[in-house]
Amino acid sequence: MGQRVNLKDYVIPRHIAFIMDGNGRWAKARGKKRTFGHKEGSNVLKTICRDAYEIGVEYVTVYAFSTENWQRPDEEVDFLIDLLRQYLKESIKTCKRDNMRVRVIGNKVGLPLDVQNTIKTLEVESSVHSGLNLQIALNYGGRDEILRACKKMAEDMNNNSFTMNNVDEDVFSNYLDTKNIPDPDLMIRTSGEIRLSNFMLWQLAYSEFYFTDKYWPDFQKEDLINAIKIYNKKERRYGGLKDED
Ligand code: IPE
Ligand code: IPE
Ligand code: MG
């Protein structure tokens with residue numbers, strides 16, 4: 001199945017984050033409705049998760065619906081939420097087959113109640129799986145996540161659990177939706193846009209970025225491999241210097 005690749009001489013990013021962009025333009029280019037692109041995009045997500053795991057990636061985070069996406073026409077928002085609802089329901093079954101752990105990051109309270117319940121079931125049932133860790137960013141905004149973390153932290157301070165002096169980056173990170181999930185090593189955005197669109201503002205502080213003009217529904221394993229190869233050419237210095245410098 002699939003293309004045989006030899007990546008044994010490459011460092012495989014432990015965590016890859018994807019901004020799955022360009023579904024609408026992909027559909028439009030085919031004379032179809034934008035929603036057709038979203039459906040195809042969700043199929044590509046399933047394939048890319050399998051590919052990433054096969055390659056050796058441990059964590060995949062995907063931007064599925066942003067806090068700003070509610071501004072789209074009702075028909076598109078309804079379609080997207082329903083597509084995600086179905087995706088999450090189906091994942092309760094497929095996560096067992098694939099040994100995959102699924103978590104949702106984002107403001108869950110803003111989602112329909114039945115979707116919140118499906119998420120709870122999926123997160124609990126898949127928590128025992130030791131294969132790929134998939135994070136779906138749903139009603140997610142980086143600023144919203146940071147604000148929610150600050151509010152929760154302030155609440156804990158009011159309850160005298162701890163004081164401001166105890167707060168460092170590790171303590172703060174544990175208030176984020178990505179608690180216990182390592183920061184992405186690589187962020188991939190499709191569709192030619194070179195921006196973050198409010199995605200993982202804290203977590204992407206030192207990630208490598210890979211941008212491709214391809215629309216998300218056209219993104220394939222070979223593109224993922226190409227991104228990993230380019231990632232390997234980067235010198236990650238985290239503000240320091242390499243030994244030989
Ligand atoms: C990404 O594709 C999916 C979501 C934002 C939900 P778009 O819907 O943004 O497609 P384009 O960027 O308009 O082509
Ligand atoms: C980012 O894409 C959000 C998702 C992929 C879910 P958008 O298409 O919404 O971002 P902008 O509007 O081009 O910045
Ligand atoms: Mg877009």
Side-chain angles (χ1 to χ4, degrees), residues 15-49 52 59-91 102-112 115-116 118-119 134-148 176-178 181 184 186-204 207-220 223-224 227:
H15 183 174
I16 305 184
F18 292 91
I19 301 182
M20 310 184 289
D21 198 15
N23 292 348
R25 280 166 283 170
W26 180 87
K28 226 175 151 195
R30 281 159 184 76
K32 303 263 190 331
K33 281 168 75 171
R34 294 176 53 83
T35 49
F36 180 70
H38 295 316
K39 180 77 191 111
E40 188 55 26
S42 76
N43 292 332
V44 169
L45 172 58
K46 287 177 201 160
T47 313
I48 287 298
C49 284
Y59 296 83
V60 164
T61 302
V62 293
Y63 207 3
F65 192 91
S66 75
T67 45
E68 287 72 33
N69 286 148
W70 297 106
Q71 295 168 41
R72 294 189 179 195
D74 289 352
E75 191 201 351
E76 183 167 349
V77 169
D78 290 349
F79 185 92
L80 279 167
I81 297 297
D82 200 48
L83 187 64
L84 285 157
R85 174 186 278 118
Q86 297 310 328
Y87 197 95
L88 294 165
K89 272 192 194 160
E90 206 183 305
S91 299
V102 189
R103 277 170 278 200
V104 169
I105 61 169
N107 198 343
K108 292 172 186 162
V109 176
L111 294 167
V115 175
Q116 291 184 41
T118 304
I119 292 171
L134 171 66
Q135 289 71 238
I136 303 177
L138 186 40
N139 193 20
Y140 177 89
R143 288 182 173 181
D144 175 72
E145 181 191 30
I146 290 169
L147 263 183
R148 282 187 288 109
L176 294 169
D177 298 340
T178 48
I181 293 167
L186 172 64
M187 190 285 294
I188 297 176
R189 181 170 188 153
T190 56
S191 94
E193 309 303 341
I194 317 288
R195 56 175 173 262
L196 284 179
S197 303
N198 204 7
F199 188 47
M200 300 188 96
L201 300 179
W202 173 278
Q203 298 87 342
L204 292 174
S207 313
E208 297 295 336
F209 289 174
Y210 175 86
F211 295 99
T212 169
D213 286 341
K214 275 202 178 180
Y215 295 139
W216 176 253
D218 286 330
F219 193 83
Q220 289 177 350
D223 302 302
L224 180 60

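The shown structure was predicted, so the numbers you read here are calculated from the model rather than taken from an experiment. Start at 1 and go down the list; that is how both ligands and their atoms are numbered.
- Around ligand 2 you find I19, M20, D21, Y63, A64, F65, N69, R72, R189, R195, S197, each with a heavy-atom distance below 4.0 Å.
- Between F209 and F211, the ring planes are perpendicular. Angles over 60° get that label, and only those under 30° would be called parallel.
- We find the CG-CG distance between N23 and L80 to be 8.0 Å, quoted to the nearest 0.5 Å.
- Put simply, CD on E68 and CG on N139 are 9.5 Å apart, with the number rounded to the nearest 0.5 Å.
- Nearest heavy-atom pair, L186 versus S207, reported as atom, atom and distance to 0.1 Å: N-CB, 4.4 Å.
- Distances from ligand 1 to the non-hydrogen atoms of R34 include at least one value under 4.0 Å.
- Ring pair Y63/Y140 is perpendicular by interplanar angle, where above 60° counts as perpendicular and below 30° as parallel.
- Closer than 2.8 Å to the Mg ion (ligand 3) sit the protein N, O or S atoms D21 OD1.
- Closest approach of G37 and P217 over heavy atoms only: O-CG, 3.9 Å.
- The existence of a salt bridge linking R148 and D177 is confirmed by a sub-4.0 Å separation between a basic side-chain nitrogen and an acidic carboxylate oxygen.
- Using a cut-off of 4.0 Å between Lys/Arg side-chain N and Asp/Glu carboxylate O, E40 and R30 are scored as not salt-bridged.
- Tested against I16, the residues T61, I188, I48, V62 include a single side chain to side chain contact (heavy atoms under 4.5 Å, CB included) partner, I188.
- Here L134 contributes atom CG and R103 contributes atom CZ; the two are 10.0 Å apart, rounded to the nearest 0.5 Å.
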